[in-house]
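Here's the structure we're looking at; comments come further down.
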Amino acid sequence: MRYFFLAYALIAIMVVGIFGLRGDKSAKTPIEIFPDMDRQDKIKAQTPNSFFADGLGSRQPVEGTLPQSIGDADTQFSGAAGYLATGSIDEYYGSGMPAELELTAEALPAFIARGEERYNISCMPCHGRSGDGGGIAAQFGVPGVANLHTENFLSAKYPDGRMFEVITKGKGVMSGYGYNISLEDRWAIIAYIRSMQLAQNAPLSNPKIKDAFEAATAGLDNK
Ligand code: HEC
């Protein structure tokens with residue numbers, strides 16, 4: 001027991017010696033177990049610097065480049081008003097594709113294909129290829145990924161504009177992707193998700209769908 005107290009006292013002195021007594025003034029370099037990035041090679045804002053020919057520490061944007069928040073990028077990635085850029089009309093979520101996209105029947109297949117490509121890059125890792133929420137990230141532990149085929153996310157209950165806002169700003173555990181998916185591409189992704197939802201819930205009572213189903217499954221025994 002005596003040795004225990006001795007060792008205990010020694011360790012206590014060591015701990016205080018290394019971590020404690022930090023309020024004292026000393027000219028010596030302190031022992032830093034965790035340096036916390038206190039010292040780093042950097043140029044502080046607004047200070048002169050001899051490294052650059054003009055002697056300025058703060059640099060101007062390189063000629064011919066634009067920061068993300070200026071010019072065209074502004075309407076693409078943040079800040080702009082209107083249904084195309086917000087998904088809302090006045091204070092309400094809108095539905096349907098914005099007129100600015102000038103979608104025609106001929107343009108639609110390419111638009112949806114673009115949406116599929118973008119969806120597979122930006123959303124599939126979590127929401128899965130079919131949109132059921134079973135993507136690879138979900139399998140590796142991202143919790144509560146939404147199954148986009150549940151009734152709550154179908155267009156009758158969930159306006160396109162609301163989906164636009166979720167893509168742009170995120171919701172709950174999901175972060176926003178507005179900063180790296182352009183406006184048009186966000187709408188294209190929504191169009192693609194709508195087409196996936198339709199495909200999942202395609203009613204056989206619709207003669208067109210029934211014909212397509214018959215054609216696709218002709219010759220199969222277990223349809
Ligand atoms: C890193 C994983 C991840 C990625 C990538 C991701 N999501 Fe999500 N998403 C989630 C999670 C998790 C939720 C559930 C959020 C919650 O309710 O907390 C969710 C919820 C949603 C919802 C339902 C939101 C609501 O109102 O409840 C929609 C719609 C959605 N995501 C669409 C998308 C689209 C479109 C993309 C691609 C642009 C995308 N997500 C990319 C993880 C992700």
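Only this structure's heavy atoms are used, side chains among them; waters, hydrogens and symmetry mates stay out. Just so you know, residue 1 is the first one in the sequence shown, and it goes up from there.
Salt bridge status for Glu117 with Arg114: present, with a side-chain N to carboxylate O gap under 4.0 Å. Arg186 and Glu165 are not joined by a salt bridge, as no carboxylate oxygen comes within less than 4.0 angstrom of a charged side-chain nitrogen.
By the 4.5 Å heavy-atom criterion applied to side chains, Lys169 and Met174 are not counted as neighbours. Annotation: side chain of Leu101 is in contact with side chain of Pro98 (closest heavy-atom distance under 4.5 Å). Put simply, the side chain of Arg129 does not reach to within 4.5 Å of the side chain of Tyr119, judged on heavy atoms. A 4.5 Å side-chain heavy-atom check between Asp160 and Arg194 finds at least one atom pair inside the cut-off. Under the 4.5 Å side-chain criterion, counting only non-hydrogen atoms from C-beta, Val166 is in contact with Tyr158. Considering only heavy atoms from C-beta on, Leu56 stays 4.5 Å or farther from Pro48 through its side chain. In this structure, Lys44 and Lys42 have side chains that are in contact, with non-hydrogen atoms separated by less than 4.5 Å. Looking at heavy atoms from C-beta onward, Phe111 lies in side-chain contact with Leu103 at the 4.5 angstrom threshold.
Remark: side-chain polar atoms of Thr47 are not paired, donor with acceptor, to backbone N or O of Gly57 under 3.5 angstrom.
With values rounded to the nearest 0.5 angstrom, Phe52 atom CZ is found 12.0 Å from Gln60 atom CD. Atoms CD1 and CD1, from Ile193 and Ile190 in turn, are 7.0 Å apart once rounded to the nearest 0.5 Å. A distance of 11.5 Å separates CE in Met196 from CG in Leu198, rounded to the nearest 0.5 Å.
Two rings, from Tyr83 and Trp187, have their centers less than 6.0 Å apart.
The local environment of CD in Glu63 is sparse, with at most 12 non-hydrogen atoms from other residues, nucleotides or ligands closer than 6.0 Å.
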- Before giving the answer on salt bridge (Lys or Arg N to Asp or Glu O under 4.0 Å), spell out for Arg39 and Glu32 the whole-Å C-alpha distance, their side-chain angles and the decisive distance to 0.1 Å. CA-CA 11 Å; Arg39 273 161 291 281; Glu32 283 177 301; 2.6 Å; yes
